[in-house]
Visitor: 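Structure provided below as structure tokens; questions to follow.
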Amino acid sequence: MPIHNSDISGILRKVADLLDIEGANQFRVRSYREAAQNIDNLSGDVSTMVAEGQELTAIPGIGSSMAEKIREIVDTGTLGQLEEITSRIPESLTDLLRLEGLGPERVGDLYRQLGIETLEALEYAVEDHRIRELEGFGAKTEEKIGHELERIGEQDIRTMYSEAEEYTEPLMEYLKGCEGVGKIAVAGSYRRRKETVGDIDILATCDNIQSVMELFVRYEDVDEVLAHGETKSSVRLRSGLQVDLRAVAEKSYGAALAYFTGSQRHNIRLRERAQERNLKINEYGVFPEGEEHPVGGKEEEEVYASVGLPYIHPELREDRGEIEAAEDDNLPGLITLNDLRGDLQMHTTASDGTASVREMAEAARALGHEYIAITDHSQRVTVAGGLDADELAEEIDRIDEINESFDGFRILKAVEVDILKDGRLDLEDDILQRLDLRVCCIHYHQDLDEEVQTTRVLRAMENPYFNILGHPTGRELGRRGEMALDMERIMDRALEYGCFLELNSTPRRLDLNDIYCKMAKERGVKIAISTDAHSTGELQHIRYGINQARRGWLEPDDVVNTRPADELLRLLHRD
DNA sequence: GCCGTTTTCGGCCCGACTGTTTTCAGTCG
């Protein structure tokens with residue numbers, strides 16, 4: 001069985017959590033967590049590195065000891081050290097860490113004093129009021145644990161970005177209109193445009209803090225006020241989304257924005273650099289060692305400048321090499337919405353869309369696109385009304401006709417053709433060759449094992465009419481994980497054959513994810529950013545794709561649909 | 001456990017809040 005980076009980081013995190021619960025040295029625990037994170041951020045497979053005899057210690061945060069453990073995981077699929085620890089304390093204790101307010105020490109206490117090993121046992125202990133008897137715990141803590149147990153039982157606690165946007169944008173409009181509000185911005189993972197967000201952090205400078213806080217907690221969409229203090233208020237909206245509003249001083253605005261935007265790991269790197277320069281960075285500003293007066297903090301740029309770096313866009317702040325790139329003056333010129341000239345996947349009433357070809361075209365043109373590709377489903381996808389060869393031929397004729405009526409806008413004749421179980425495409429070459437573009441996708445048999453699934457895709461790519469691998473990993477946030485695929489092999493073959501990978505902008509898909517986008521870029525594989533719109537309104541989803549692309553370091557040149565139509569068609573042609 | 005043009009030993013980001021205490025540990029972002 002192939003070992004993936006996520007398998008390795010998962011084991012290292014487990015070791016970290018368990019050591020933490022056992023009370024091991026904090027810095028030792030941290031080193032496991034950092035190693036895990038750095039492995040997740042890699043653009044290549046660790047198992048490949050091991051196979052090729054590359055030095056794992058080249059990965060930041062991995063020394064000789066950690067490298068040895070990783071090799072053991074790659075070779076055996078497991079880690080002797082983990083088994084040794086789990087012979088001392090139960091592995092299930094790490095489940096308890098998921099509860100907010102329960103950290104490693106308290107989980108350790110619960111286990112040692114009450115023998116609690118599982119979430120279920122914890123629930124019984126809460127019901128029997130056994131928690132409040134423990135030293136260091138109390139009635140309030142017990143109640144909170146009870147609430148947390150209910151909450152994580154109910155749902156995935158992170159919210160999709162698009163959903164958070166739905167609630168955050170109107171709230172921001174409201175706050176901007178409030179008397180006394182000066183500068184205001186959303187920070188946190190929302191500002192980093194992460195695909196899911198935990199809660200929303202809003203920062204504001206205010207003339208009259210008290211009245212602004214008052215207006216905030218009285219916002220019509222507020223369901224519950226969780227905290228209502230002088231500088232920070234916290235509410236839960238009807239949607240369940242938690243929103244914090246923090247009042248900050250004008251002179252600290254930039255420092256606070258940097259601080260609350262994160263990510264935490266990015267911040268740690270900044271503060272380490274500050275230390276090296278005898279400076280201290282916190283949410284109030286940049287301070288020379290031992291001094292009370294800041295040398296910067298009003299603007300975010302000052303924080304970066306103080307540690308010798310240019311401004312770094314929020315989407316990059318994940319400690320995935322952006323600090324080093326900034327240091328070398330080598331930050332990517334991130335793609336923006338304006339760079340895109342067209343949209344390369346969408347559906348019409350011919351299959352499972354809700355608008356006609358012409359309606360989609362006119363809506364796309366109104367958004368400023370120069371071209372679109374109409375990609376209705378192929379016959380195999382019966383639930384979506386997939387087209388057979390004759391139906392697709394009719395659509396081709398219809399598009400030719402409509403194109404006659406356009407000047408300066410072009411509809412590309414295309415299809416979303418199913419990749420069958422054996423790797424063949426769902427339509428014959430004679431109809432595929434009449435199209436400008438083919439997006440190839442897996443819809444059925446998503447659970448094959450890695451070797452079979454990878455071979456299936458590679459085989460499909462051998463077809464000379466294969467242009468773009470659509471929603472490549474098949475994942476859907478909160479619903480379905482990625483298919484088992486060797487993405488390195490797929491990307492290498494895509495480069496060799498002149499195929500491209502899609503970044504599907506559907507909010508629940510956002511497939512490829514940020515890390516795969518960066519990996520494709522580093523390997524020279526170009527990306528197509530598409531909406532997969534099923535209605536005219538969904539054409540606007542393209543901005544979510546752009547968010548993800550920016551998180552994946554993509555520049556205009558890395559994306560095929562930044563090209564004019566003629567150039568794009570030349571690029572698509574395989575020979 | 002990692003790391004190093006002041007270090008191969010002695011450091012390892014920083015502050016706020018909460019609940020439990022009576023000066024602080026644990027947790028969080």
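Quick note on labels: first sequence line is chain A, next is B, and so on, each numbered from 1.
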Visitor: With rounding to the closest Å, how many angstrom separate the C1' atoms on dT7(B) and dC3(B)?
Guide: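 After rounding to an integer number of Å, I get 10 Å for this pair.
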Visitor: Going by the glycosidic torsion and a 90 degree boundary from 0, is the base of dT7(B) oriented syn or anti?
Guide: syn
Visitor: Nearest whole Å is fine: how far is dG29(B) C1' from L203(A) CG?
Guide: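 Distance check: L203(A) CG to dG29(B) C1' gives 13 Å.
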Visitor: Nearest of dC17(B), dG1(B), dG15(B) to any side-chain atom of T231(A)?
Guide: dC17(B)
Visitor: Any idea which of dC2(B), dC12(B), dG15(B) is nearest the Q275(A) side chain?
Guide: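 The nucleotide sitting nearest to the side chain is dC12(B).
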Visitor: Expressed in angstrom and rounded to an integer, what is the separation of D17(A) atom CG from dT27(B) atom P?
Guide: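 Interatomic distance, CG of D17(A) to P of dT27(B): 12 Å.
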Visitor: Taking all heavy atoms of I281(A) and all of S306(A), pick out the closest pair and write down the distance.
Guide: CD1-OG, 4.3 Å
Visitor: Which residue, G63(A) or L279(A), contacts DNA chain B at a nucleotide closer to its 5' end, judged by nearest heavy atom?
Guide: G63(A)
Visitor: At 4.0 Å (heavy atoms only), tell me whether K232(A) reaches a base, stays on the sugar-phosphate, or touches nothing.
Guide: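 Since no nucleic acid heavy atom lies under 4.0 Å of K232(A), the category is nothing.
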Visitor: Distance check: side-chain N/O of S64(A) vs OP1/OP2 of dC2(B), anything under 4.0 Å?
Guide: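 No, outside the criterion.
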Visitor: What is the separation between atom NZ on K140(A) and atom P on dT18(B), rounded to the nearest whole Å?
Guide: 9 Å
Visitor: Among dC12(B), dG29(B), dG1(B), which nucleotide sits nearest the side chain of Q264(A)?
Guide: dG29(B)
Visitor: Is K144(A) close enough to dT27(B) that one of its side-chain N or O atoms is under 4.0 Å from OP1 or OP2 there?
Guide: no
Visitor: Just N and O in the side chain of Q26(A): are any of them under 4.0 Å from OP1 or OP2 of dG1(B)?
Guide: no
Visitor: Which value, in whole Å, describes the distance between the C1' atoms of nucleotides dG10(B) and dG15(B)?
Guide: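 Their C1' atoms lie roughly 24 Å apart.
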Visitor: Contact class for E34(A) vs. all strands (heavy atom < 4.0 Å): base, sugar-phosphate, or nothing?
Guide: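 Nothing, no heavy atom under 4.0 Å.
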Visitor: Applying a 4.0 Å non-hydrogen cut-off, can you work out what A139(A) is touching in the nucleic acid: base, sugar-phosphate, or nothing?
Guide: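 Sugar-phosphate contact only.
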Visitor: Quick one: L102(A) CG to dG19(B) P, roughly how many Å, whole number?
Guide: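 The distance from CG of L102(A) to P of dG19(B) comes to 13 Å, rounded to the nearest Å.
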Visitor: Between Y284(A) and dA16(B), does any side-chain N or O lie under 4.0 Å from OP1 or OP2?
Guide: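 Checking Y284(A) against dA16(B): at least one side-chain N or O falls below 4.0 Å of OP1 or OP2.
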Visitor: Among the candidates dG1(B), dC12(B), dG15(B), find the nucleotide nearest to the side-chain atoms of K280(A).
Guide: dG15(B)
Visitor: Starting at CZ of F27(A) and ending at P of dG10(B), how long is that distance when rounded to a whole Å?
Guide: 15 Å
Visitor: Between CD1 of I546(A) and OG1 of T336(A), what distance do you get to the nearest 0.5 Å?
Guide: 6.5 Å
Visitor: In whole Å, I'd like the distance from the CZ atom of F260(A) to the C1' atom of dC17(B).
Guide: 12 Å
Visitor: Side chain to side chain donor-acceptor pair (under 3.5 Å) with E318(A): which of Q264(A), H266(A), R192(A)?
Guide: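 Passing option: R192(A).
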Visitor: Using the P atom as the reference point in each nucleotide, state the distance between dT27(B) and dT21(B) in Å, no decimals.
Guide: 15 Å
Visitor: Please state the C1' separation for the pair dA16(B) and dG11(B) - nearest whole angstrom.
Guide: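 Looking at atom C1' only, dA16(B) and dG11(B) are 25 Å apart.
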Visitor: Using the C1' atom on both, measure dC17(B) against dT23(B) and round to a whole Å.
Guide: 16 Å
Visitor: Is the NZ or CZ atom of R193(A) both under 6.0 Å from the centre of the six-membered ring of Y190(A) and within 45° of that ring's axis?
Guide: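 Yes, a cation-pi geometry holds between R193(A) and Y190(A).
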Visitor: How is L99(A) classified with respect to the nucleic acid when contacts are heavy atoms under 4.0 Å: base, sugar-phosphate, or nothing?
Guide: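 Sugar-phosphate only.
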Visitor: Looking only at heavy atoms, what is the nearest atom pair of L510(A) and S505(A), with distance?
Guide: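 So the two residues come closest at CD2-O, 3.9 Å.
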Visitor: Using the C1' atoms only, state how far dT20(B) lies from dA25(B), rounded to an integer number of Å.
Guide: 9 Å
Visitor: Can you tell me, in whole Å, how much space there is between the C1' of dT18(B) and that of dC12(B)?
Guide: 26 Å
Visitor: Between R33(A) and D17(A), is there a side-chain N and carboxylate O pair less than 4.0 Å apart?
Guide: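 A salt bridge is present here (some side-chain N lies under 4.0 Å from a carboxylate O).
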Visitor: To the nearest Å, give me how far apart CD1 (I131(A)) and C1' (dG19(B)) are.
Guide: 15 Å
Visitor: Could you give the CZ-to-P distance, from R106(A) to dT21(B), as a whole number of Å?
Guide: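 Taking atom P of dT21(B) as the reference, CZ of R106(A) is at 10 Å.
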Visitor: If the plane angle is over 60° it's perpendicular, under 30° parallel, otherwise tilted; pick one for H313(A) and Y311(A).
Guide: perpendicular
Visitor: With DNA chain B as reference, determine whether R30(A) or I62(A) sits nearer its 5' end, using the nearest nucleotide of each.
Guide: I62(A)
Visitor: Heavy atoms under 4.0 Å, any strand shown: does L270(A) hit a base, just sugar-phosphate, or nothing?
Guide: nothing
Visitor: Does any nucleotide pair with dT8(B) by Watson-Crick or G-U wobble geometry, both distances under 3.5 Å, and what is it?
Guide: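 With both distances under 3.5 Å required, dT8(B) matches none.
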Visitor: Among dG1(B), dG15(B), dG29(B), which nucleotide has an atom closest to any side-chain atom of Y259(A)?
Guide: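 From the listed options, dG29(B) comes nearest.
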Visitor: What's the closest nucleotide to the E105(A) side chain, out of dG26(B), dA16(B), dC2(B)?
Guide: dG26(B)
Visitor: As a test of reading the structure: which of dG15(B), dT20(B), dG26(B) is closest to the side chain of T141(A), going by heavy atoms?
Guide: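 Selected nucleotide: dT20(B).
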Visitor: Does E322(A) come within less than 4.0 Å of R317(A), counting only side-chain N to carboxylate O?
Guide: no
